[in-house]
Amino acid sequence: MVTGDSISMLSEALMTPAPLHIADPGGLGPRHRAVADSLFAAGLAAPLGGPPPPPRAALDETARVAAEIRARGWA
């Protein structure tokens, strides 16, 4: 469980395979609300108190981006 007021915490939590529940401490700004809503819509997270999200693999966006850079010959 992480609070939705930290994009960094959300990103770090997605790097684990653990189910992610997002707590709204109240007053999430539009950017933070949009990120949380997109994670809910993608099935990557669930609101705190709701049913758990489906199982998922840990996300490794750093490796994905690095592979794309290599594939494009930029490194």
Side-chain angles (χ1 to χ4, degrees):
M1 176 185 65
V2 299
T3 58
D5 60 343
S6 173
I7 302 298
S8 295
M9 273 197 300
L10 292 171
S11 300
E12 290 171 6
L14 288 167
M15 293 173 59
T16 74
L20 175 58
H21 287 268
I22 300 175
D24 181 349
L28 290 182
R31 180 173 156 249
H32 292 85
R33 170 58 49 208
V35 169
D37 289 345
S38 70
L39 293 173
F40 300 150
L44 296 173
L48 183 63
R56 62 170 175 78
L59 298 181
D60 186 359
E61 292 302 288
T62 302
R64 185 187 66 77
V65 170
E68 184 65 26
I69 289 170
R70 285 190 299 276
R72 293 180 184 205
W74 296 348

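Values below: every heavy atom of this structure, side chains too, minus hydrogens, waters and symmetry copies.
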Q: Using side chain to side chain donor-acceptor pair (under 3.5 Å) as the criterion, list what pairs up with Arg72, not counting sequence neighbours.
A: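 By the side chain to side chain donor-acceptor pair (under 3.5 Å) rule, Arg72 matches Glu68.
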Q: Name all residues meeting the side chain to side chain donor-acceptor pair (under 3.5 Å) criterion together with Asp24; count only those two or more places apart in sequence or in a different chain, and write none if there are none.
A: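 Scan of Asp24 (side chain to side chain donor-acceptor pair (under 3.5 Å), adjacent residues dropped) gives Arg33.
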**Q.** By salt bridge (charged side-chain N to carboxylate O under 4.0 Å, His left out) - contacts of Arg64 (at least two apart)
**A.**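 Arg64 satisfies salt bridge (charged side-chain N to carboxylate O under 4.0 Å, His left out) with Glu61 only.
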Side-chain heavy atoms of [X] within contact of [Y], under 4.5 Å:
| X | Y | result |
| --- | --- | --- |
| Leu44 | Arg56 | yes |
| Pro47 | His21 | no |
| Asp37 | Val35 | no |

**Q.** Co-membership, hydrophobic cluster, residues Ile22 and Leu28, 4.5 Å side-chain
**A.**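 Ile22 and Leu28: separate clusters.
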**Q.** Members besides Leu48 in its Ile/Leu/Val/Met/Phe/Trp/Tyr cluster (side-chain heavy atoms under 4.5 Å)
**A.**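 For the cluster that includes Leu48, the remaining residues are Met1.
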Q. Taking the hydrophobic residues Ile, Leu, Val, Met, Phe, Trp and Tyr, and joining any pair whose side-chain heavy atoms are under 4.5 Å apart, which ones share a cluster with Trp74?
A.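 Result for Trp74 is Val65, Ile69.
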Q | Nearest heavy-atom neighbours spanning Ala46 and Pro52 | A |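 In terms of heavy atoms, the two residues are closest at CB-C, 4.3 Å.
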Q: Give the minimum heavy-atom separation between Ala58 and Pro17, together with the two atoms involved.
A: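 Heavy-atom minimum between the residues: CB-N, 3.8 Å.
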Side chains of residues 4-14: which donor-acceptor partners sit under 3.5 Å, not counting sequence neighbours?
from, atom 1, to, atom 2, distance (Å)
Asp5, OD1, Thr3, OG1, 2.4
Ser6, OG, Met9, N, 3.1
Ser11, OG, Ile7, O, 2.9

Q: Kindly compute the distance separating CE (Met15) from CG (Asp60), expressed to the nearest 0.5 Å.
A: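 Met15 CE to Asp60 CG: 6.0 Å, rounded to 0.5 Å.
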